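Being a predicted model, the structure only gives us computed values, none of them experimental.
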Amino acid sequence: MTDPKAMIAQFYADVDNSTKTKADLASYFTDDFKDHDRHPLSPEFLSDKDAHLGFFDELKGGFTDFTHTLNLVEETSSGRWIVYWSFSGTHSGTFYGTPASNKVAGCNGIDIYTLNDGKFSEQRHAEDVAGLMAQVSAA
């Protein structure tokens with residue numbers, strides 16, 4: 001079995017890698033992946049997995065040179081994995097309808113994953129998307 005901590009670190013590295021595609025990232029998720037905090041703008045007809053992967057497409061389309069810094073990756077006593085991260089990048093493309101501002105922006109977030117057979121099967125998460133949008137929106 002793959003080391004979960006190493007797999008999680010590799011996942012975020014792949015998210016940050018501009019050459020990794022949605023299909024590459026999909027391999028980290030079970031087919032029946034459940035996002036307990038699904039983005040409200042995600043189309044209802046998409047599965048949680050496809051909606052979640054669509055968020056990464058938005059990141060890749062809206063920001064260049066972005067990175068996630070993993071500040072904490074720890075297993076809980078219940079077997080879930082907590083990831084506290086920081087994100088930063090240059091807003092050089094459209095992100096959820098907001099045109100490029102060419103500003104460097106960032107936010108923090110926390111992901112709580114359940115793993116099944118070395119893949120993400122469930123996620124709970126919170127991130128400061130509102131703060132990120134305020135940084136890139138026109139004053």
Is there a chain of hydrophobic side chains (I, L, V, M, F, W, Y, each step under 4.5 Å between heavy atoms) that links [X] to [Y]?
X: Val104; Y: Met133; value: no
X: Phe33; Y: Tyr12; value: yes
X: Leu46; Y: Phe55; value: no
X: Ile112; Y: Tyr28; value: no

Validation row: [X], [Y] side chains within 4.5 angstrom (heavy atoms):
X: Ile82; Y: Ile110; value: yes
X: Leu70; Y: Val83; value: yes
X: Phe120; Y: His52; value: no
X: Glu127; Y: Asp37; value: no
X: Tyr84; Y: Val73; value: no
X: Asp3; Y: Lys5; value: yes
X: His39; Y: Tyr96; value: yes
X: Leu132; Y: Phe63; value: yes

Straight-line distance of [X] [atom1] to [Y] [atom2], nearest 0.5 Å:
X: Asn17; Y: Leu25; atom1: CG; atom2: CG; result: 9.0 Å
X: Asp48; Y: Asp31; atom1: CG; atom2: CG; result: 12.5 Å
X: Ser101; Y: Gln135; atom1: OG; atom2: CD; result: 9.0 Å
X: Lys103; Y: His91; atom1: NZ; atom2: NE2; result: 9.5 Å
X: Ser121; Y: Lys34; atom1: OG; atom2: NZ; result: 12.0 Å
X: Ser47; Y: Arg38; atom1: OG; atom2: CZ; result: 7.0 Å

Do the charged groups of Glu122 and Arg124 touch, with an N to O distance under 4.0 Å? yes
Can the ring centroids of Phe11 and Phe29 be said to lie less than 6.0 angstrom from one another? yes
Is the ring centre of Phe87 less than 6.0 Å from the ring centre of Phe66?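 Yes, close enough.
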Identify the two heavy atoms, one from Thr94 and one from Pro99, that lie closest to each other, and give their separation to 0.1 Å. OG1-CA, 4.1 Å
Residue pair Gly131 / Asp128: nearest heavy atoms and the distance that separates them: N-OD1, 2.9 Å
Between [X] and [Y], does any side-chain donor sit less than 3.5 Å from a side-chain acceptor?
X: Thr90; Y: Asp65; value: yes
X: Asp16; Y: Thr67; value: no
X: Asp111; Y: His125; value: no

Where does the angle between the aromatic ring planes of Trp85 and His68 fall among parallel (under 30°), tilted (30 to 60°) and perpendicular (over 60°)?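 Rings of Trp85 and His68: perpendicular, as their planes differ by over 60°.
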If you count every heavy atom of other residues, nucleotides or ligands that lies below 6.0 Å from Asn102 atom CG, does the total exceed 12?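 Yes, because the 6.0 Å sphere around CG of Asn102 holds more than 12 heavy atoms from other groups.
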Hey, is the main chain of Lys22 close enough, under 3.5 Å, to the side chain of Lys60 for a donor-acceptor pair?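 No; zero donor-acceptor contacts below 3.5 Å.
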Could you walk me through whether Asn71 and Ser86 pass the side-chain contact (heavy atoms from CB on, under 4.5 Å) test, one step at a time? CA-CA 7 Å; Asn71 303 308; Ser86 300; 2.8 Å; yes
What do the steps show when you test Trp81 against Ile8 for side-chain contact (heavy atoms from CB on, under 4.5 Å), and what is the final call? CA-CA 9 Å; Trp81 284 86; Ile8 290 167; 3.7 Å; yes
Residue pair Gln123, Thr114: steps toward the side-chain contact (heavy atoms from CB on, under 4.5 Å) verdict: CA-CA 6 Å; Gln123 181 185 24; Thr114 302; over 6 Å; no
